[in-house]
Amino acid sequence: MSKSPLFAERQYGEISVAVTNRFGGYSNGPFNSLNLADHVGDEQSAVLINRELLCQLLNADSLKVLAATHGSDVSVVDAQTQVVAGDGLVTNSKNLGLVALAADCLPFALVDPFAQIVAVGHCGWQGLVAELPKSLANEFLSQGGVPSRSVAVLGPAICGTCYEVPADRVAMVGAKCSHAVVDVRHLDITAGVKEQLGEYGFEIEQIAGCTAESEALYSYRRDGITGRHALAVVIHQREN
Ligand SMILES: [Zn+2]
């Protein structure tokens, strides 16, 4: 029996959010099988087919895939935009899938079903230090998104028990984001993103799951050479 390529799905009016897992794709070896990243050493032809599969799953016309830099750069895009490297994308374009890739970091979406504005972000410990969630929320606001009637959908990430790091990294993140500190050697990325988005008033929808503990998800910490799953968001054209 083939397994579904979707880890989770959420629907907000015409807006769909999907989280992929590692099943049902065309990559082999350590990338087996639905790897969506073209920078990890996988066959480019397999990645292209996997992205086409994601585009079909989303029922989107095309995709814009984040090329993460672990910073706070955010771009506003439409179907014609050449995506520049950064950790956030915002659009009001219909049928355009925005995609954040991850394998332990936290991929997330911001969704305003009323203004029909969406965003995706990618955040790990460096994103918390750079305050990427705030950069993305600010751009989402400036494009017409209203956080108090919007949802922040947080994808799976490595949990605060599994994510052991050097003490100086905990201190660096803790200086910007106290909720992310579990103890002197552990960070909780999800708690940090929630803290940084909290002041805006988003409703938070958390898709549960620890990447390092779930065999359905890619984990860099667990596997080293591995693929990337995705959190994607699309605004579908309203049916008339
Ligand atoms: Zn865990």
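For the single chain, residues carry numbers from 1 onward in sequence order. Atoms within each ligand, like the ligands themselves, are counted from 1 in listed order.
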Query raised in the report: Is any side-chain heavy atom of W125 less than 4.5 Å from a side-chain heavy atom of V165?
Result: no
Report summary line: Under a side-chain separation threshold of 4.5 Å, the hydrophobic residues clustered together with Y26 are I49
Query raised in the report: Is the Y218 ring parallel, tilted or perpendicular to the H229 ring (thresholds 30°, 60°)?
Result: parallel
Query raised in the report: For the hydrophobic clusters of this structure (ILVMFWY residues joined by side-chain heavy atoms under 4.5 Å, transitively), does one cluster hold both L101 and L89?
Result: no
Query - In the protein, N/O/S atoms that are found under 2.8 Å from the Zn ion (ligand 1), waters not counted - result: C159 SG, C162 SG, C210 SG, E213 OE2
**Report entry** K134 bridged to E199 by N-O distance under 4.0 Å
**Finding:** yes
Query raised in the report: Quick one: do the S16 and Q11 side chains pair a donor with an acceptor below 3.5 Å?
Result: yes
